[in-house]
Amino acid sequence: MVKICCIGAGYVGGPTMAVIALKCPSVEVVVVDISVSRIAAWNSEQLPIYEPGLDDVVKHCRGKNLFFSTDVEKHVAEADIIFVSVNTPTKTRGLGAGKAADLTYWESAARMIADVSKSDKIVVEKSTVPVKTAEAIEKILTHNSKGIKYQILSNPEFLAEGTAIKDLLNPDRVLIGGRETPEGKKAIEALASVYGQWVPKDRILATNLWSAELSKLAANAFLAQRISSVNAMSALCEATGADVSQVAHSVGTDSRIGPKFLNASVGFGGSCFQKDILNLVYICECNGLPEVANYWKQVIQINDYQKSRFVNRVVSSMFNTVSGKKIAVLGFAFKKDTGDTRETPAIDVCKGLLGDNARLSIYDPQVNEDQIRRDLTLKKFDWDHPTHLQPMSPTSLNQVSVVWDAYEATKDAHGICILTEWDEFKTLDYERIFENMQKPAFVFDGRNIVNTDKLREIGFIVYSIGKPL
Ligand code: NAD
Ligand code: UGA
């Protein structure tokens with residue numbers, strides 16, 4: 001029986017390994033993590049992450065060929081294939097701070113593999129890493145090898161949160177990069193045969209190591225660039241009377257451009273787009289390519305601009321001040337169908353409104369109060385560095401309340417900001433909400449999900465992204 005061990009039981013390691021276990025009943029999959037609470041949650045009824053379809057897959061395989069454990073060394077020692085899916089955050093101090101990827105977690109995993117291994121291993125980079133990381137990992141492993149042979153593969157993950165299980169079951173492609181030697185090719189084949197249990201052969205792409213590593217950063221940069229492009233257009237639409245949905249539709253019907261990923265929004269969030277583009281920018285700078293670095297930097301700058309533009313619009317529309325006014329924030333997660341708040345645009349919008357002394361009442365169906373308060377007090381990039389987390393001062397954020405109902409959040413509010421596109425926000429009883437709000441009652445739709453005509457009929461003043469007033 002092939003044994004797989006995955007180091008890192010997070011948003012990628014957990015779902016990816018669950019699907020491998022589901023599709024490869026003859027493979028034993030163990031997911032290990034240093035976080036005792038995370039592993040306990042994976043072994044409980046309340047999984048540590050909310051992801052549609054995940055519960056069923058885990059329930060089906062757990063205890064049969066899928067296991068979650070904190071006994072990291074034992075399972076790494078026993079495995080034939082080791083996936084490394086630890087976090088690779090942005091560095092917050094030292095060389096490259098604010099841009100470069102922090103590979104501390106990766107390096108400690110690699111050193112541990114070298115320490116405990118007693119048989120040959122295939123080590124798979126699942127985390128998103130800077131191009132050439134495999135070379136560094138190879139050095140750590142071979143210089144501590146005690147005669148053991150390692151093959152390093154790059155197998156970046158392309159799943160999106162909220163659709164992780166769907167994406168894993170039916171991926172556009174699986175990318176495997178390896179050394180172009182007979183041993184390297186054999187390792188690629190071994191990993192390809194795991195995915196080959198359910199992914200059609202022509203969707204499993206083999207490349208060299210550096211192409212695979214760089215393709216992941218490139219794919220995220222291209223995706224984020226589309227959003228910044230449509231968001232940049234949204235500003236021009238607001239200035240000219242064009243409608244960004246009509247523009248995006250017209251542009252997207254060109255088959256060379258395509259219709260997906262052109263929704264204007266309050267800005268993109270999530271743990272990866274910003275981190276990976278900053279990482280790409282840093283790599284370009286280190287390779288003496290400042291023009292290329294500046295090109296990609298703009299994608300982040302437009303995203304920051306979009307978030308502050310949204311805040312400015314709220315404040316300026318509400319007679320240039322929100323001081324003491326109650327603003328209902330509907331949605332805090334970075335997108336619908338996830339409880340993940342990493343780099344969510346809601347953090348910057350809430351901080352911006354608090355900066356103008358607003359009172360916030362926040363509701364998200366999947367994010368709890370502790371998480372929201374923590375997010376609003378953390379410094380940029382610190383969320384992915386567990387060792388930097390500072391305890392929050394109990395007196396801070398007394399302008400913020402977190403509630404478990406959209407009607408409670410909007411009661412007596414002067415304005416509503418919709419920051420996540422949860423389906424339930426489309427079907428709220430807006431007449432009831434209007435009745436209970438201060439007048440004039442404002443709606444700022446950061447996701448373009450409400451029926452503006454209907455809301456205006458009720459009496460709301462509605463602002464959407466990139467739409468005429
Ligand atoms: P995560 O923070 O949810 O999970 C990482 C886990 O690794 C944590 O539970 C942490 O405790 C554990 N860990 C860290 N060091 C460890 C060690 N030495 N030994 C054992 N466990 C250790 O992160 P994630 O969202 O799953 O992302 C992981 C990687 O995958 C990142 O590089 C990310 O860029 C990439 N990625 C993420 C997504 C996504 O949707 N979240 C998608 C594609 C790629
Ligand atoms: C993204 C990529 O889509 C995945 O392929 C990749 O594997 C992953 O990053 C990663 O490397 O972590 P994810 O961040 O989970 O996945 O979610 P997306 O659906 O890409 O959304 C990212 C952000 O962009 C969200 O805030 C979303 O609301 C926003 N978005 C997306 C828009 O504003 N407009 C769009 O048209 C699409």
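Counting starts at 1 for both ligands and their atoms, following the listed order. Side chains included, hydrogens not; waters and symmetry mates left out as well; all remaining heavy atoms used. None of these values were measured; they are calculated from a predicted model.
- Contacts of T338 with ligand 2, taken as heavy-atom pairs under 4.0 Å, are absent altogether.
- At a 4.0 Å cut-off, at least one heavy atom of I227 sits close enough to ligand 2 to count as contact.
- For atom 8 (C) of ligand 2, the closest non-hydrogen atom of the protein is L159 O, 3.5 Å.
- Below 3.5 Å of separation, one finds an N or O of T88 facing an N or O of ligand 1.
- Taking only nitrogen or oxygen atoms, main chain and side chain alike, G270 does not reach within less than 3.5 Å of ligand 2.
- At a heavy-atom cutoff of 4.0 Å, ligand 1 is contacted by the side chain of C272 but not by its backbone.
- Judged by the shortest distance from any of its heavy atoms, K260 lies outside the 4.0 Å radius around the atoms of ligand 2.
- Less than 4.0 angstrom separates some heavy atom of K216 from each of these atoms of ligand 1: 43 (C).
- Not close to ligand 2: K336, with no non-hydrogen atom less than 4.0 angstrom away.
- For the pair S271 and ligand 2, the shortest N or O to N or O distance does not fall below 3.5 Å.
- Ligand 1 has at least one atom lying under 4.0 Å from a heavy atom of K275.
- Ligand 1 lies nowhere less than 4.0 angstrom from a heavy atom belonging to V72.
- Taking any N or O of L223, backbone or side chain, none lies under 3.5 Å from an N or O belonging to ligand 2.
- At a 3.5 angstrom cut-off on N or O pairs, S35 does not count as close to ligand 1.
- Judged by distance alone, the side chains of Y295 and Q225 do bring a donor and an acceptor atom under 3.5 Å apart.
- Within ligand 1, counting atoms from 1 as listed, the ones closer than 4.0 Å to a heavy atom of V12 are 26 (O), 30 (O), 36 (N), 37 (C), 38 (C), 39 (C), 42 (C), 43 (C), 44 (C).
- Looking at Y11 next to ligand 1, an N or O pair under 3.5 Å apart turns up.
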